[in-house]
Protein chains: 2
Amino acid sequence: MSTKALRKEEEENLLRRADDLCRQNNLRLTPIRERVYRELVQSGGPVGAYDLVDRLSSEKKRLAPVTIYRALDFLRDAGLVHRLATQNSYVISHGQPDVNAMKIMFVDSKTGETIEVHSSEVAEAVRKAAEQAGFRSVSPFMEVEGEIAR
Amino acid sequence: MSTKALRKEEEENLLRRADDLCRQNNLRLTPIRERVYRELVQSGGPVGAYDLVDRLSSEKKRLAPVTIYRALDFLRDAGLVHRLATQNSYVISHGQPDVNAMKIMFVDSKTGETIEVHSSEVAEAVRKAAEQAGFRSVSPFMEVEGEIAR
DNA sequence: TTCTTTTTGATACGTTACTACGTAATATTG
DNA sequence: CAATATTACGTAGTAACGTATCAAAAAGAA
């Protein structure tokens with residue numbers, strides 16, 4: 001089986017899961033939102049908001065930035081997409097809802113490539129550090145810059 | 001002793017340490033750079049680049065954004081200041097050079113307040129997760145959103 | 001259907017960040 | 001010291017990122 005076919009399969013998997021998630025939570029995965037999500041899935045990495053504007057615009061119809069940002073906000077609230085603050089870009093979240101794990105986005109400082117890792121050890125250590133510092137309800141997402149070992 | 005006096009003392013401490021650090025590394029803490037650093041120290045929290053432009057500009061002389069960005073770049077390279085990507089702002093780093101510790105910036109999602117915590121447990125857990133994911137030379141800085149427990 | 005809520009479209013605007021280029025100041029070398 | 005190289009700063013313009021507002025359309029509820 002070709003890589004492309006695998007990708008295609010994985011893509012449909014993610015789409016179906018996103019669809020299910022929204023259905024279960026009474027969220028509406030409208031056409032625009034789905035197109036944005038699909039584009040992020042297909043890209044296989046982080047994409048900037050204005051890149052999405054370009055990619056989802058056709059000759060006749062150019063989408064407004066605000067349209068993309070609204071879709072991204074929706075997807076982020078749904079937990080389907082994560083914003084990479086260090087890169088001003090957005091990536092799909094591969095999260096199986098492992099509630100206790102910290103979702104770490106390792107970001108290659110040079111290329112911008114990301115690898116998502118879930119770690120309950122990190123979650124626990126961060127939780128402890130937060131508690132000592134007087135912090136609560138810590139976000140299950142964080143990003144760490146580094147570089148991919150080749 | 002008043003809080004203000006304590007602050008003043010702490011401020012001078014930080015300034016002196018910054019000065020020493022630059023001297024030791026043959027870096028030039030020029031007037032502009034020192035003013036930016038001092039402003040960040042005095043503010044006691046994260047400040048945006050354009051806020052710094054306003055605060056360091058006088059009636060007669062308005063600093064250009066690029067001047068501030070250059071100073072911030074210098075201070076970041078020197079390890080004196082950290083950029084909060086999630087907030088588009090900048091904070092002083094209270095780093096005693098505990099090389100092995102992860103410098104965690106806890107950021108209050110609502111107020112933007114920050115608390116810096118150093119944790120070698122987190123550093124170790126992140127290092128382990130990075131290694132498994134094929135990542136190297138991980139940044140000693142990360143930020144985590146949450147809220148301050150009152 | 002009518003009413004209400006949610007979503008999208010269109011335009012404009014505000015903030016954040018950087019580039020290009022020339023000048024001034026500061027080291028470094030002969 | 002003078003000549004040169006390096007570093008820092010000033011000015012201007014522009015690119016990238018994100019938001020505000022209001023109107024139109026679509027979806028859901030009564």
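This structure is a prediction, so every number in the text was calculated from the model and none was measured. Chain A is the first sequence line, chain B the second, and so forth, proteins listed ahead of strands; every chain is numbered from 1.
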Checklist entry - If you measure from the Lys or Arg side-chain nitrogens to the Asp or Glu carboxylate oxygens, is any gap between B:Arg16 and B:Glu12 under 4.0 Å? => result no

Next on the checklist: Under 4.0 Å from OP1 or OP2 of D:dC9: is there any side-chain N or O of B:Thr30 that close?
Outcome noted: yes

Next on the checklist: Rounded to whole Å, please give me the gap between CG in B:Asp73 and P in D:dA8.
Outcome noted: 12 Å

Checklist entry - Does A:Arg28 place a side-chain N or O at less than 4.0 Å from the phosphate oxygens OP1/OP2 of C:dT8? => result no

Checklist entry - Atom CG of A:Leu27 and atom C1' of C:dT5: how far apart are they, to the nearest Å? => result 15 Å

Next on the checklist: Nearest whole Å is fine: how far is D:dC9 P from B:Phe74 CZ?
Outcome noted: 9 Å

Next on the checklist: Looking at B:Thr67, I'd like to know whether one of its side-chain N or O atoms comes within less than 4.0 Å of OP1 or OP2 on D:dG10.
Outcome noted: yes

Next on the checklist: Between P on D:dC17 and CG on A:Leu52, what's the gap in Å once rounded to a whole number?
Outcome noted: 11 Å

Checklist entry - Taking OP1 and OP2 of C:dA17, is either one under 4.0 Å from a side-chain nitrogen or oxygen of B:Tyr69? => result yes

Checklist entry - Is there a side-chain polar atom (N or O) of B:Lys61 under 4.0 Å from OP1 or OP2 of D:dT11? => result yes

Next on the checklist: Mind checking if B:Arg70 touches a base, just sugar-phosphate, or nothing, with heavy atoms under 4.0 Å?
Outcome noted: base

Item to check | No-hydrogen, no-angle side-chain donor-acceptor test under 3.5 Å, A:Glu147 and A:Ser109 | outcome: no

Checklist entry - Taking for each residue the nucleotide of DNA chain C with the nearest heavy atom, is it B:Ala49 or A:Ala71 whose nucleotide lies nearer the 5' end? => result A:Ala71

Checklist outcome for this item: Note: for B:Arg33 and B:Asn88 on DNA chain D, the residue whose nearest nucleotide lies more 5' is B:Arg33

Checklist entry - For residues 56-82 of chain A, which residue pairs qualify under side chain to side chain donor-acceptor pair (under 3.5 Å), counting only residues two or more places apart or in two chains? => result A:Asp54-A:Arg62

Checklist entry - Which is true for B:Tyr90 with a 4.0 Å heavy-atom rule: it touches a base, it touches only sugar-phosphate, or it touches nothing? => result sugar-phosphate

Item to check | Whole-Å gap separating C1' (D:dA16) and CG (A:Asp51) | outcome: 11 Å

Item to check | Rounded distance in Å - CD1 (A:Ile68) to P (D:dA16) | outcome: 17 Å

Next on the checklist: Under a 3.5 Å distance rule, please check whether A:Arg35 uses its side chain to pair with a backbone N or O of A:Leu56 as donor and acceptor.
Outcome noted: yes

Checklist entry - Got a donor-acceptor contact below 3.5 angstrom from the A:Asp108 side chain to the A:Lys110 backbone? => result yes

Checklist entry - How long is the line joining CG of B:Leu29 and P of C:dA27, in whole Å? => result 13 Å

Item to check | Interatomic distance where CG belongs to B:Leu63 and P belongs to D:dA8 [whole Å] | outcome: 17 Å

Item to check | B:Tyr50 over C:dT15, stacked by centroid distance under 5.5 Å, angle under 30° | outcome: no

Checklist entry - So what does B:Arg62 touch, heavy atoms closer than 4.0 Å: a base, only the sugar-phosphate, or nothing? => result nothing

